[in-house]
Amino acid sequence: MSTVEIRNLHKSFGPLDVLKGIDFTVEAGQVVCVIGPSGSGKSTLLRCVNLLERPTSGQVFVDGTELTDPDVDIDAVRRRLGMVFQQFNLFQHLTVLRNVTIAQERVLKRGRAEARKIAGKTLEKVGLGEKADCFPAQLSGGQQQRVAIARALAMNPSLMLFDEPTSALDPELVGDVLSVMRELARDGMTMLVVTHEMGFAREVADRVVFMDRGAIVEDGPPEQVIADPRHARTREFLGRVLHPEH
Amino acid sequence: MTAQRLAPSPRQGTRQGWSPRKRQRVSRGVQYALLIAVVAVLASLADWKSIHQSFFNGQVAADGLPRLFTVALKNTVIYTACGYVVGFALGMLLALMRQSSVAPYRWIASTYIEIFRGLPALVIFLMIGSLPLAFPGLRIPGDVYGQVTLGLGLVSAAYMAETFRAGLQAVPRGQMEAARSLGMPYMRSMVSIIIPQAVRIVIPPLTNQLVLLFKDSSLVLFLGLTAAQVELAKFGNDQASTFANPTPILVSGLTYLLITIPLGYVARRLESRQEGKR
């Protein structure tokens, strides 16, 4: 059973077809990076996996549960999916610690002490154990994003979704976030990552998926998709990203 | 062209060859002279003795003490607080109804808001006062306190609903997405994540709302109050008729200012602090 399975997924916003028939799977333990030009539908695809966007047609399965079934308890499925956003989306009115404990207590019904213990551990893991009592506004973008990762990890997800996690960061802060993600991958976390970081994709991904204009153009190991792309569109995109001066 | 218009030659445009600086000084001198003249005329026309007798009558003012504070101000505060609590809760409910996916809830909320913002508060109070005429057996729980709470609550709810709506809209959409992506149901996300941030954003206008309500509490005058139920405005008015002297009204007015000016100051401070944060 695949962790994520997507069958013939379509999504349109009004007259605009953003996803035009996506078929795609993520196996347990895999790290899959989705790359492609902006507007290609990669973020929308990711957001369809936890139903932040509702597909127009097609099926989405997570751990064998069909999310697109109208009777499914979507909150129960989302508990098992961690999501990290481009804009971090930390709860601004709560401390770092509370950001990481609130869903554990409210959703997983963990006791306060247990939630705090787990929060402490995950914050330690992202290197921010000493920032527990800060508010998000007191942290740098890179630190906020690492708290957001800890917040998702504390829920013990079986899959982590990353929606351009480093795109809103100053260049010198990108490294810390990527190294946390690298460590996660090493620990065997299943990850679906929408990213523009080609170095990260090449080094960490088991598979790289190239999307363009709402469709998957190429899907394979990084040494093939990034180093030796078959399609002209992939080559053109990579040429622009890897050598932006041209 | 433009440069010339911005900086005309020093001679041009000056009357009688005055320099701009001199012109400014003369103009200011004229304004001060006018002000002094007006004050002097008013002061000489005024009958200071009778003004003192009527408005600053110490004996009359002293007679109101301590009931001015122990009864009147206390009741004004109670009425305001009760109305504010009801207005806060009902206003939040209306704001949430306006966002509902169930269309009739949206219609009910916007109709309510339109009506109660469009009516003078006084008319609402008259309506509530005359409810027993329509339903002879009707008794609003809490008697006058209940009526006042209802009246002030109904009116302020409409205004607060609009304030809360602005606050709810000001919370970035990502906050709801983050909460939902953690598996929190919609209502739980609203209560734990969205509403606390929305309320924080609208604290300055909510403080202003408290000032308005504090003043509007004077409208209970029209409900018919017993001696124990009087608030500042009615207390001042009653004292004034007892002594045939308007001093108590002035005293009541000053007591209002004692509360409203500091509160307004607090609201402005909160507002500028919030602007600084953005």
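Side chains included, hydrogens not; waters and symmetry mates left out as well; all remaining heavy atoms used. We name chains A, B, ... by the order of the sequence lines, and we start the count at 1 in each one. Not measured: the values here are computed from a predicted model.
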message: With rounding to the nearest 0.5 angstrom, report the CZ to CG distance, B/R173 to A/N89.
response: 10.0 Å
message: For B/S192, run the side chain to side chain contact (heavy atoms under 4.5 Å, CB included) check against A/R98, A/H93, A/R106, A/E105 and tell me which one passes.
response: A/R106
message: Looking at A/R182, I'd like to know if its CZ atom is crowded, meaning that more than 12 non-hydrogen atoms belonging to other residues, nucleotides or ligands lie closer than 6.0 Å.
response: yes
field: Atom group of A/L52 that falls short of 4.5 Å from chain B, counting heavy atoms
entry: side chain
- prompt: What are the two closest non-hydrogen atoms of B/A178 and A/F85, and how far apart are they?
  reply: CA-CE1, 3.6 Å
task: Tell me, for B/P172 versus chain A, whether the close heavy atoms (under 4.5 Å) come from the side chain, the backbone, both or neither.
output: neither
- request: Write out, in numerical order, the residues from residues 132-139 of chain A with a heavy atom short of 4.5 Å from a heavy atom in chain B.
  value: none
- prompt: Is the number of heavy atoms from other residues, nucleotides or ligands under 6.0 Å of A/R54 CZ greater than 12?
  reply: no
- request: Nearest 0.5 Å please: distance from the OG atom of B/S181 over to the CG atom of A/L51.
  value: 12.5 Å
Without placing hydrogens or testing angles, list every side-chain donor-acceptor pair under 3.5 Å for residues 198-205 of chain B, not counting sequence neighbours.
residue : atom : partner : partner atom : Å
B/R200  : NE   : B/P196  : O            : 3.4

query: Checking heavy atoms, do the side chain of A/L90, its backbone, both or neither come under 4.5 Å from chain B?
result: backbone
field: Shortest non-hydrogen separation from B/L182 to A/A152 and the atoms involved
entry: CD2-CA, 4.5 Å
task: State the CD-CD distance between B/E177 and A/E53, to the nearest 0.5 angstrom.
output: 7.0 Å
Under 4.5 Å from any heavy atom of chain B - which part of A/Q92: both
Least distance between heavy atoms, A/I102 atom then B/M184 atom: CG2-CE, 3.9 Å
- prompt: Which one of A/R151, A/R80, A/Q104 has the most heavy-atom pairs closer than 4.5 Å to chain B?
  reply: A/R151
task: Below 4.5 Å from any heavy atom of chain B, which atoms of A/F91 appear? Answer side chain, backbone, both or neither.
output: both
